[in-house]
Protein chains: 2
Amino acid sequence: MYVTRKADYAIRCVLYLAKNTGRITSVDEISNAMYVPKSFLAKILQCLMKAGIVSSTRGIKGGFQLAKEPKDISLLEVIEAIQGPSAANICAIDKRMCSLSGRCTVHPIWVKIRKKVEQELKKQNFAKLAKKR
Amino acid sequence: MYVTRKADYAIRCVLYLAKNTGRITSVDEISNAMYVPKSFLAKILQCLMKAGIVSSTRGIKGGFQLAKEPKDISLLEVIEAIQGPSAANICAIDKRMCSLSGRCTVHPIWVKIRKKVEQELKKQNFAKLAKKR
DNA sequence: TTAAATAGGACTATTTTGGTCTTATTTTAT
DNA sequence: ATAAAATAAGACCAAAATAGTCCTATTTAA
């Protein structure tokens, strides 16, 4: 389980929106506030749309909002929206990816670690994160 | 914290050596037994040498052995020998890698997860792993 | 109808990964 | 001595992933 820069940007973006609920926020504003390249951020927001995390309003005065309450969005959810499922070792996602085809004594450890990490990331929601300073 | 194929190969390799202590094992043998490309494995063994995990004997009848007892080699050690320090998010390794420079409410979470995962990987040693089947 | 915003697809440069290949050097056995 | 079999080390390379940009719609408020 590692977080690409893209996913990191996505997290910042959702965090900013969580701190600015109740209004529509433009890509430009988020980009400036969170130091994310604007056109890249636009792409990232499309992923977050597909995942149902944000909703968009087109046209002038358009922009983005969270599609759910901050407390109902977990870190894990945002990361997976960008990267898909991930783990410390691919074999923990799909046994077939291992040429030892899971007959390996190390395999259960990757599965265990994956579970632990996902648990932790699921616990963290954006209401919590937006409140901290 | 994610494990590249190279590190995964390294783990298999150390595991094989842990199951075959008390003799010198050639790259060729390990390569065949563990399904790792031979010339790539040779490189990997150089890394494990530098890290003091294996020792080599040159010349005909040469090969590799573990440089320490299996119980004193952890999974974490092998992974770091190949990949260097790693974490779910680079900012957990070096705050400066984050453009928000650690003034970010998510940062402590990455640090926490890194600690948890490293703890787990440190607990796992190759005496344990070689015994399982 | 224009300006400012998102939508979406094509494209691209850089870095990382996952190797190979070649040329030493070492050591044992003949 | 020398041939054979092993590691040592460095250069090299291809493919995939990452980290974006750019351009052309389309939408909508003023």
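Below, read A as the first sequence line, B as the second, and so on, with proteins coming before strands; counting in each chain starts at 1.
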Going 5' to 3' through nucleotides 7-14 of chain D, assign each nucleotide B (protein heavy atom under 4.0 Å from a base atom), S (under 4.0 Å only from sugar-phosphate atoms) or - (no protein heavy atom that close).
BSBBB---
When the distance from CG of A:L41 to P of C:dG8 is rounded to whole Å, what number comes out?
15 Å
Of all residues at least two apart in sequence or in a different chain, which pass the salt bridge (Lys or Arg N to Asp or Glu O under 4.0 Å) check with A:K112?
B:E120
A:C47 and A:I82 have their tightest heavy-atom pair at CB-CD1, 3.7 Å
Same apolar cluster (I L V M F W Y, side chains within < 4.5 Å links), B:I73/B:M34:
yes
Do you know the tightest heavy-atom contact between B:K122 and B:L76?
CE-CD2, 3.6 Å
Does B:Y9 place a side-chain N or O at less than 4.0 Å from the phosphate oxygens OP1/OP2 of C:dG19?
yes
In whole Å, what is the span from the CD atom of A:Q65 to the P atom of C:dA5?
16 Å
Which nucleotide, D:dT28, D:dA19, C:dT20, lies nearest any side-chain atom of A:K6?
D:dA19
Testing the basics here: between B:R114 and B:P85, what is the closest heavy-atom pair and its distance to 0.1 Å?
NH2-CB, 3.7 Å
Here the distance between atom P of C:dA3 and atom NZ of A:K61, to the nearest Å, is 16 Å
B:Y2 OH to D:dT18 P, straight-line distance once rounded to whole Å
8 Å
In terms of side-chain heavy atoms, does B:Q124 have a donor or acceptor partner in B:S74 at a distance below 3.5 Å?
no
To the nearest 10°, let me know how far the axis at one end of the helix from C:dT1-D:dA30 to C:dT30-D:dA1 is tilted from the axis at the other, five pairs an end.
0°
Write down the distance between CZ (B:R5) and P (C:dT16), rounded to a whole number of angstrom.
19 Å
Roughly how many Å is it from CD1 in B:I90 to P in C:dT16, rounded to a whole number?
10 Å
Round to the nearest Å and state the distance from A:I44 atom CD1 to C:dT6 atom P.
14 Å
Walk me through it: do B:I30 and B:K38 pass the test side-chain contact (heavy atoms from CB on, under 4.5 Å)?
CA-CA 8 Å; B:I30 306 171; B:K38 187 180 168 183; over 6 Å; no
Would you mind reading off the distance between A:I60 atom CD1 and C:dA4 atom P, rounded to a whole angstrom?
6 Å
Less than 4.0 Å between a side-chain N and a carboxylate O, is that true for B:K123 and B:E118?
no
One thing to verify: whether B:E29 and B:R23 come together as a salt bridge, which I'm taking to mean a side-chain N less than 4.0 angstrom from a carboxylate O.
yes
Choosing from D:dA29, C:dG18, D:dA19, which nucleotide comes nearest the side chain of A:F40?
D:dA19
